[in-house]
Amino acid sequence: MVAIEIECRACHARRPLTTPSPTCPHCGGQWAEARYQWIEPADKEAVDSWTAVLARRGASLWRYRELLPIGHAENIITLGEGWTPLLRAHNLGQMLGHHHIYIKDERQGPTGSFKDRQAAIAVSAMKEAGVTEAVVASTGNVAIAYSAYCARAGIKLWAFVTSSVPADKMREVALYGSEVIKVAGTYDQAKQIAAEFAASKNLFLDQGIKVIATKEAMKTIAFETAEQLGSLLAGDDPTIPHGNRHPWRAPNWYLQAISGGMGPVGVMKGFTELYDMGLTGRIPQLACFQSSGCAPMAEAFRQGARQAEAVLNPLTDITTLATGIPGEAYEVLFDLLAAHGGVIEAIPDADTFHALHTVAKMDGISVEPATAVAFAGLFKLVRNGVIAPHETVVINCSGHTFPVEKHIIGDQYTRNMAPVNGQGAPAGAATSGREEGLLTALEEMDNRVQRVAIIEDNPDAARLIRRILQAQGDFFIDEANNGLDGLRLIQQVRPNLVILDLMMPGLDGFGIVEAMKTNPTLHEIPIIVVTAKELSPIERQRLDGKIKALLQKGSFLDSDLLSDIKQALPQT
Ligand SMILES: *Cc1c(COP(=O)(O)O)cnc(C)c1O
Ligand SMILES: [Zn+2]
């Protein structure tokens with residue numbers, strides 16, 4: 001066992017780890033951190049033998065147990081948390097022109113968010129401390145995760161949630177047998193009431209970010225990421241933990257949507273420990289995002305202030321992130337940003353909901369709105385050139401959307417149909433009339449009228465454009481992967497719109513534009529050029545007046561292309 005000490009952030013006094021309470025017996029400080037024997041100073045031999053042991057351990061966050069604050073293995077409460085996939089954002093990367101964007105898929109935790117890590121370690125710590133009844137305040141996901149783990153640990157949980165938490169989430173909390181207390185107020189008020197309740201009943205109160213277990217839980221995201229990136233960059237399978245077969249690698253950036261900020265605080269502690277142990281060569285820059293309707297930290301950061309002003313009336317649909325009073329956590333984040341670089345940005349909800357759709361449609365990942373804030377933040381930082389194309393980015397895909405809330409998808413997402421001749425016709429009795437009716441009905445469901453031809457020799461680029469059009473739903477798509485076939489296709493199908501690459505072997509995009517413009521049957525078909533090429537003034541002139549829009553590959557969003565298409569297409 002590695003010796004663990006607890007260090008007070010205020011007075012730096014150290015004490016052995018005996019209780020889950022963060023309160024310092026010397027100065028009353030409320031923020032403490034765990035310190036491990038091998039790390040300071042780094043004991044290279046101990047680290048080497050640890051990674052050798054890791055090579056033989058399974059895929060869960062408990063593989064790092066020597067560096068977690070649980071003394072005895074029998075206290076571990078587990079539902080298989082941790083070692084979530086690190087997925088390359090293939091299509092998003094293609095769209096943004098950034099090919100090293102990785103998604104740490106925390107949706108795959110046992111209750112669907114990265115709070116499962118926190119719950120696993122915090123509830124194990126409660127068990128170790130003999131807690132049998134506990135109180136927690138939550139914007140939803142903590143209550144769900146803690147409820148599941150407390151059920152397993154035999155701990156009764158009182159979950160204080162704000163009334164804006166979606167009913168489906170509250171029902172899940174109740175399902176696990178927790179007491180659900182709905183507070184008609186802000187999250188910060190719910191925290192206050194929970195604390196008073198715990199004090200009056202003398203119950204254990206979980207203090208979230210201040211608790212040792214929370215930060216230690218979040219740091220396992222850093223450990224896993226560095227191990228998985230090591231495999232990926234070595235061309236190996238990242239789903240298999242390797243321990244010491246590859247060097248561990250830290251990304252250039254860690255991105256997360258934040259509420260109280262415990263994710264980044266813990267994750268940065270993890271990356272710092274790895275660096276101190278000599279396992280990685282850098283500590284990433286940090287980018288945190290808040291919903292602009294409740295962004296006390298982003299606002300303070302913008303002003304360069306080390307103290308955040310409270311937001312007493314959060315105005316956001318994204319309840320998960322509605323911490324209006326960040327307290328000491330902001331100071332800690334501010335210092336981390338000063339030391340390692342990075343930003344805290346505010347993201348308008350409209351951008352978030354757009355990003356939510358984009359990530360689902362482009363890379364098959366459905367997230368809850370809180371998580372989409374981070375993706376919208378990624379788009380913003382890429383746009384503004386804050387993140388460079390060669391940099392490795394890991395984004396915390398913090399939680400799943402289930403169910404998809406109504407304000408995200410609206411009501412108009414189904415195409416309805418009923419059996420044509422009513423129900424109950426015996427099998428095999430279908431008349432030809434019925435089949436025709438069915439065909440007509442199916443035909444009517446397909447309301448595509450516009451034909452778009454994509455002429456593009458790079459298969460990745462073609463797939464990206466096709467995907468953007470398909471997800472929009474209303475286009476017939478024809479494709480050709482070289483200029484000559486492309487021109488033939490255009491002559492054959494007479495599309496309503498051509499999306500064209502410029503650089504292709506044989507007949508290039510310029511040649512196609514010229515051929516179309518000199519052909520009276522084709523010269524009115526609008527053209528959008530999507531190119532990787534920096535155009536010279538002469539090349540610009542060759543296209544001038546002949547095309548509707550010019551988009552630079554790898555630096556447009558799906559919405560840019562769709563709005564250019566909308567403008568280019570003749571109205572139907
Ligand atoms: C809690 C939560 C966040 C915010 O995390 P913090 O690190 O606590 O600020 C983001 N996304 C989801 C899905 C969450 O549950
Ligand atoms: Zn102290």
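Keep in mind the model is a prediction, meaning the values are calculated, not measured. We count ligands from 1, going down the list as the structure has it; atoms in each ligand are counted the same way.
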Subject >> Heavy-atom pair of closest approach, residues F379 and A355 >> reply: CE1-CB, 3.8 Å

**OP:** Would you check if there is a donor-acceptor pair between the side chains of E331 and Q307 at a distance under 3.5 Å?
**Re:** yes

**OP:** Could you name the option among Q256, Q118, R107 that has the heavy atom nearest to atom 5 (O) of ligand 1?
**Re:** Q256

**OP:** Identify the heavy atoms of I103 and A89 that sit nearest to each other, and give their distance.
**Re:** CD1-CB, 3.8 Å

Original post:
What atoms in ligand 1 come closer than 4.0 Å to a heavy atom of T320?
Top reply: 2 (C), 12 (C), 14 (C), 15 (O)

**OP:** For A257, take its heavy atoms, then give the atoms of ligand 1 lying under 4.0 Å from any of them.
**Re:** 3 (C), 4 (C), 5 (O), 10 (C)

Subject >> Minimum heavy-atom distance between P110 and D116, given as atom pair plus value >> reply: N-OD2, 3.1 Å

Original post:
Does G208 have a non-hydrogen atom less than 4.0 Å from ligand 1?
Top reply: no

Original post:
If you measure from the Lys or Arg side-chain nitrogens to the Asp or Glu carboxylate oxygens, is any gap between R15 and E5 under 4.0 Å?
Top reply: no

Original post:
Where's the contact between E368 and ligand 1, heavy-atom distance under 4.0 Å: side chain, backbone, both or neither?
Top reply: side chain

Original post:
Near K182 NZ, under 6.0 Å, is it more than 12 heavy atoms from other residues, nucleotides or ligands?
Top reply: no

Subject >> Plane angle bin for W158 and F197 - parallel if under 30°, tilted between 30 and 60°, otherwise perpendicular >> reply: tilted

Subject >> Nearest neighbour in protein (non-hydrogen) for atom 7 (O) of ligand 1 >> reply: G263 N, 2.6 Å

**OP:** For the pair E33 and K269, find out whether any cationic side-chain nitrogen is under 4.0 Å from an anionic carboxylate oxygen.
**Re:** no

**OP:** Answer yes or no: are there more than 12 heavy-atom neighbours, outside Y176 itself, under 6.0 Å from its atom OH?
**Re:** yes

Subject >> Minimum-distance protein heavy atom relative to atom 15 (O) of ligand 1 >> reply: K115 NZ, 2.6 Å

Subject >> Contacts of type ring-ring contact (aromatic ring centres under 6.0 Å, His included), residue W50, not counting sequence neighbours >> reply: W38

Original post:
Is N202 atom CG crowded by more than 12 heavy atoms from other residues, nucleotides or ligands, each under 6.0 Å away?
Top reply: no

Original post:
Can an N or O of G260 be found at a distance shorter than 3.5 Å from an N or O of ligand 1?
Top reply: yes

Original post:
Which protein heavy atom lies closest to atom 9 (O) of ligand 1, and at what distance to 0.1 Å?
Top reply: S259 N, 2.5 Å

Original post:
When you look for heavy atoms under 4.0 Å from ligand 1, do you find them on the side chain of N141, its backbone, both, or neither?
Top reply: side chain

**OP:** Can you sort out which atoms of ligand 1 are near P264, meaning under 4.0 Å from one of its heavy atoms?
**Re:** 7 (O)

Subject >> ligand 1 to F114 polar contact by distance, N or O atoms, under 3.5 Å >> reply: no

Original post:
Relative to the Zn ion (ligand 2), how many protein N, O or S atoms have a separation of less than 2.8 Å?
Top reply: 4

**OP:** Could you verify whether a donor N or O on one side chain and an acceptor N or O on the other, from E106 and S398, lie under 3.5 Å apart?
**Re:** no

Original post:
Is the closest N or O pair between M262 and ligand 1 shorter than 3.5 Å?
Top reply: yes

Original post:
For ligand 1, which atoms sit closer than 4.0 Å to a heavy atom of G399?
Top reply: 13 (C)

Original post:
Just by distance, do the side chain of T401 and the backbone of E368 share a donor-acceptor pair under 3.5 Å?
Top reply: yes

Original post:
Taking atom CZ of R63 as the centre, does the number of heavy atoms from other residues, nucleotides or ligands within less than 6.0 Å exceed 12?
Top reply: yes

**OP:** Spell out, as yes or no, whether a donor-acceptor pair under 3.5 Å connects the side chain of S291 to the backbone of T316.
**Re:** no

Original post:
Can you tell me which residue and heavy atom of the protein come closest to atom 12 (C) of ligand 1, and the distance to 0.1 Å?
Top reply: S398 OG, 3.3 Å

Original post:
Polar-atom distance check: S113 versus ligand 1, any N or O pair below 3.5 Å?
Top reply: no

**OP:** State whether the shortest distance between N or O atoms of A370 and N or O atoms of ligand 1 falls below 3.5 angstrom.
**Re:** no

**OP:** Provide the number and element of each atom of ligand 1 under 4.0 Å from a heavy atom of L321.
**Re:** 3 (C), 4 (C), 10 (C)

